[in-house]
Every structure is written in C-alpha cells, then in structure tokens.
Amino acid sequence: MHNRSDSMSPTTRFYRYLALGSYIGLLAWVAVWQLLLNTDHSYSLTFIAIIYLLPLLLPAKGMIQGKPYTHAWANFVVLFYLIHGCTVMYAIEAERLYAAIELILVMLMFTGCCVFARRRGKELGLGLTKLKDEMKREREYFEGKN
C-alpha cells in the first residue's frame with residue numbers, strides 16, 4: 001500500500017534516474033581517467049583518489065536513496081568537476097576529449113539533480129515558502145502581539 005509521499009511522477013522518476021545514472025557515470029569516468037588513462041602521475045595515487053574521487057563519494061548514500069536534499073547539495077560538489085573539465089578543456093589539448101566527456105556528465109548530473117530535487121521536494125511537500133508569504137505570516141504574528 002502506497003501513500004501520497006511514496007508515489008513519484010514519471011517525469012520526476014526520469015530526472016532521478018538521469019541524476020543517478022550521470023552521477024555513477026561521472027564517478028566511474030573520473031576514476032578511469034585519473035587512475036588509468038592519465039599516465040603522467042605527478043602526484044601519488046592516494047592523493048589523486050582523495051582529490052578526484054572522495055568529493056563524489058560524499059553524496060553517494062543520499063543519491064542512491066533518492067533524497068531530494070542530497071540531490072540539491074550534490075550540485076555544489078559537481079561544480080568542482082565543471083571547473084576541472086573547463087580548465088582541462090582550455091589548458092591540456094591532449095585531454096580535451098576526456099574533459100568533454102566529464103563536462104557532458106556534469107551537465108547531465110546537474111540538470112538531473114536540480115529538476116529531481118525541485119520536483120520531488122514539491123511532491124513530498126518539502127518546498128520552501130515564498131518570501132512574500134513568509135513575511136505576511138510574520139507580520140500577522142507580530143501585529144497580533146501588539
């Protein structure tokens with residue numbers, strides 16, 4: 001038996017899977033690129049794993065569980081990979097294809113996370129109240145006290 005909060009619209013489900021699929025793809029791609037394809041390791045493999053993989057592992061549990069809040073803040077993490085991809089695209093000609101793949105995955109994840117978090121949050125009633133509504137409620141509260 002499902003209640004209203006358990007149901008997810010097909011569109012919301014699509015963006016959830018877009019976010020999750022591109023997240024897993026980005027994690028796998030960064031690992032392959034940095035640990036296997038990049039043969040010029042000027043840093044230790046431990047350092048590379050910490051810098052490139054650890055940030056992506058932070059939202060793993062919430063992404064897998066489909067938590068809207070995690071999807072929302074995961075976008076802050078993915079911005080690091082956007083900056084990395086843009087920098088490599090500009091500065092390292094030999095790795096432009098690798099950077100392009102990273103950027104595509106980043107854009108897909110960002111889009112999936114944004115839309116999923118917004119839609120799922122609304123479905124669960126987790127949305128933030130509009131500022132004008134919040135100010136009206138506060139004004140009524142404080143004017144009622146006087």
Side-chain angles (χ1 to χ4, degrees), residues 1-139 141:
M1 178 149 75
H2 295 286
N3 62 29
R4 184 182 125 108
S5 65
D6 289 337
S7 65
M8 186 183 302
S9 77
T11 304
T12 303
R13 186 172 286 109
F14 169 79
Y15 284 103
R16 167 161 166 53
Y17 290 133
L18 176 65
L20 186 59
S22 54
Y23 166 72
I24 292 168
L26 183 62
L27 182 61
W29 176 246
V30 169
V32 167
W33 178 8
Q34 296 302 324
L35 300 174
L36 300 175
L37 297 175
N38 187 354
T39 57
D40 181 30
H41 294 292
S42 52
Y43 302 106
S44 73
L45 290 179
T46 303
F47 179 80
I48 290 170
I50 289 171
I51 294 299
Y52 289 106
L53 298 176
L54 185 62
L56 273 175
L57 293 174
L58 294 175
K61 182 180 178 189
M63 291 287 293
I64 291 166
Q65 292 175 340
K67 296 186 180 235
Y69 184 77
T70 304
H71 282 71
W73 69 257
N75 281 328
F76 292 110
V77 173
V78 85
L79 289 177
F80 167 75
Y81 299 91
L82 174 71
I83 293 167
H84 176 261
C86 289
T87 303
V88 171
M89 189 74 117
Y90 175 78
I92 306 173
E93 187 174 340
E95 295 186 11
R96 285 191 179 149
L97 177 61
Y98 302 162
I101 294 169
E102 179 181 39
L103 289 172
I104 289 167
L105 290 167
V106 162
M107 288 185 281
L108 290 172
M109 182 180 164
F110 190 86
T111 302
C113 284
C114 283
V115 178
F116 173 75
R118 181 173 178 87
R119 291 185 61 91
R120 188 62 179 153
K122 282 185 179 182
E123 290 174 359
L124 296 173
L126 301 174
L128 297 172
T129 59
K130 292 186 178 181
L131 181 59
K132 68 177 186 170
D133 295 336
E134 184 65 26
M135 291 180 70
K136 179 181 175 186
R137 188 183 64 77
E138 286 183 11
R139 184 173 39 253
Y141 174 78

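Since the model is a prediction, treat every value here as computed from it, not as a measurement.
Within a 6.0 Å radius of CD in E93, other residues, nucleotides and ligands contribute 12 heavy atoms or fewer. Remark: F80 CZ is packed, more than 12 non-hydrogen atoms of other residues, nucleotides or ligands lying under 6.0 Å away.
One distance of note links CG of L26 with CD1 of I101; it measures 11.5 Å at 0.5 Å rounding. Distance CD1/I83 to CG/L103: 11.0 Å, rounded to 0.5 Å. Expressed to the nearest 0.5 Å, how far CZ of R13 lies from CG of L20 amounts to 13.0 Å. To the nearest 0.5 Å, atom OG1 of residue T70 and atom CD of residue Q65 are 7.5 Å apart. Between I50 atom CD1 and L57 atom CG the span is 11.5 Å, to the nearest 0.5 Å. For the atom pair CG of L105 and OH of Y81, the computed distance is 12.5 Å after rounding to the nearest 0.5 Å.
At a threshold of 4.5 Å between non-hydrogen side-chain atoms, the residues V115 and F110 do not count as touching.
Within the 6.0 Å centre-distance limit, the rings of Y52 and H84 are counted as a close aromatic pair.
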Exercise for review: Take Y23 and V78 through the test side-chain contact (heavy atoms from CB on, under 4.5 Å) and record every step on the way to the result.
Suggested key: CA-CA 9 Å; Y23 166 72; V78 85; over 6 Å; no
Exercise for review: Using the side-chain contact (heavy atoms from CB on, under 4.5 Å) rule, take K67 and F116 through it: C-alpha gap first, then chi angles, then the decisive distance, then the call.
Suggested key: CA-CA 9 Å; K67 296 186 180 235; F116 173 75; over 6 Å; no
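Here the closest heavy-atom approach between residue M63 and residue C113 is recorded as CE-SG, 3.8 Å. For the pair A74 and M109, the tightest heavy-atom approach, listed with the atom from each and the gap, is CB-CE, 4.1 Å. Of all heavy-atom pairs spanning P55 and V77, the tightest one is O-CG1, 3.2 Å. Of all the heavy atoms in L53 and L27, the pair that sits closest is CD2-O, 4.0 Å. The heavy-atom pair separating R120 from S7 by the smallest distance is NH1-O, 2.7 Å.
In this structure, the side chain of Y98 does not engage the main chain of V30 through any donor-acceptor pair within 3.5 Å. Using a distance-only test at 3.5 Å, with no hydrogens or angles considered, no donor-acceptor pair links the side chain of R16 to the main chain of G112. With hydrogens and angles ignored, the 3.5 Å screen pairs a side-chain donor or acceptor of S22 with a backbone N or O of A19.
Considering only residues two or more places apart in sequence or on other chains, W29 meets the side-chain hydrogen bond (donor to acceptor under 3.5 Å, both in side chains) condition with none of them. Annotation: side-chain contact (heavy atoms from CB on, under 4.5 Å) contacts of S9 (sequence neighbours excluded): T11, T12, R119, E123. Residues passing the salt bridge (charged side-chain N to carboxylate O under 4.0 Å, His left out) test with R96, sequence neighbours excluded: none.
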